[in-house]
Amino acid sequence: MTGPNLKILNRAQAEADAKHLIDIAIPVLTELVDNSTWVYLRCIHAGDATYEDLPSFVLYLHIIEMTDGIQVLLSHACCESAVPLLRSSFEAFLSLKYILQQDYRRRSLSWLYFDDMRKMKKIQQLDPESDRGKNSPE
């Protein structure tokens, strides 16, 4: 088994160099994620959620999961690897903010519709029996 070229990737050194930042950031991110899971459960079990509330719950859970992944990566000084997760979390935040800003019902149901359409297109693209699947490059 070979190890990495230490001039390019030195994991131990990266963690040592970032230790002081890791020691500050990781407990904050851990508390943020842990608290968010309790907030999520309180909202889910509030009892008056409807179908149109689903996008808010989905997006909020996505933010929690992405932030948890960021916490794990940063705890090992994997800053570059955390960037896509940070972007994904931020995009979910922007979507949630947009839905909650005004006209909640219409925006929420539109999000559900377009999410379903995106999934359906992907399923059809993978189905060789569908028109979309027949025209899809292999």
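None of the values given here were measured: they were computed from a predicted structure. Just so it is clear, the values below take in all heavy atoms, side chains as well, and ignore hydrogens, waters and symmetry mates.
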With a 3.5 Å cut-off and sequence neighbours excluded, list the donor-acceptor pairs that the side chains of residues 61-71 form with protein atoms.
from  : atom 1 : to    : atom 2 : distance (Å)
His62 : NE2    : Ser88 : OG     : 2.7
Thr67 : OG1    : Ile63 : O      : 2.8
Gln71 : NE2    : Thr30 : OG1    : 3.3

Applying side chain to side chain contact (heavy atoms under 4.5 Å, CB included), name anything that partners Val58, two or more places apart in sequence or on another chain. Leu54, Trp111
Count the heavy atoms of every other residue, nucleotide or ligand shown that sit under 6.0 Å from OH of Tyr104, and state whether that count exceeds 12. yes
Does Glu80 CD have over 12 foreign heavy atoms under 6.0 Å away? no
[atom1]/[X] to [atom2]/[Y] distance, rounded to the nearest 0.5 angstrom?
| X | Y | atom1 | atom2 | result |
| --- | --- | --- | --- | --- |
| Leu73 | Leu29 | CG | CG | 11.0 Å |
| His20 | Ile22 | NE2 | CD1 | 9.5 Å |
| Ser95 | Phe90 | OG | CZ | 10.0 Å |
| Leu59 | Lys97 | CG | NZ | 14.5 Å |
| Lys19 | Asp17 | NZ | CG | 12.5 Å |
| Asp48 | Cys43 | CG | SG | 10.0 Å |

Please examine the side chains of Leu96 and Ser56, heavy atoms only from C-beta on, and report whether any two atoms are closer than 4.5 Å. yes
Flag the pair Tyr51 / Ser108 as yes when at least one side-chain heavy-atom distance between them is below 4.5 Å, and no otherwise. no
Considering residues at least two apart in sequence or located in another chain, which fulfil the salt bridge (Lys or Arg N to Asp or Glu O under 4.0 Å) criterion with Arg118? Asp115
Verify the cluster assignment for [X] and [Y]: are they in a single hydrophobic cluster under the rule of side-chain heavy atoms below 4.5 Å apart?
| X | Y | value |
| --- | --- | --- |
| Leu112 | Met120 | no |
| Leu85 | Val72 | no |
| Val83 | Leu74 | no |

Quick one: does [X]'s side chain have a donor or acceptor within less than 3.5 Å of a partner on [Y]'s backbone?
| X | Y | value |
| --- | --- | --- |
| Ser110 | Arg106 | yes |
| Arg107 | Tyr98 | yes |
| Asp53 | Thr50 | yes |

Taking all heavy atoms of Thr37 and all of Asp34, pick out the closest pair and write down the distance. OG1-O, 2.5 Å
What class does the angle between the rings of Phe57 and Tyr40 fall in, given that below 30° is parallel, 30 to 60° is tilted and above 60° is perpendicular? perpendicular
Glu91 bridged to Arg87 by N-O distance under 4.0 Å: yes
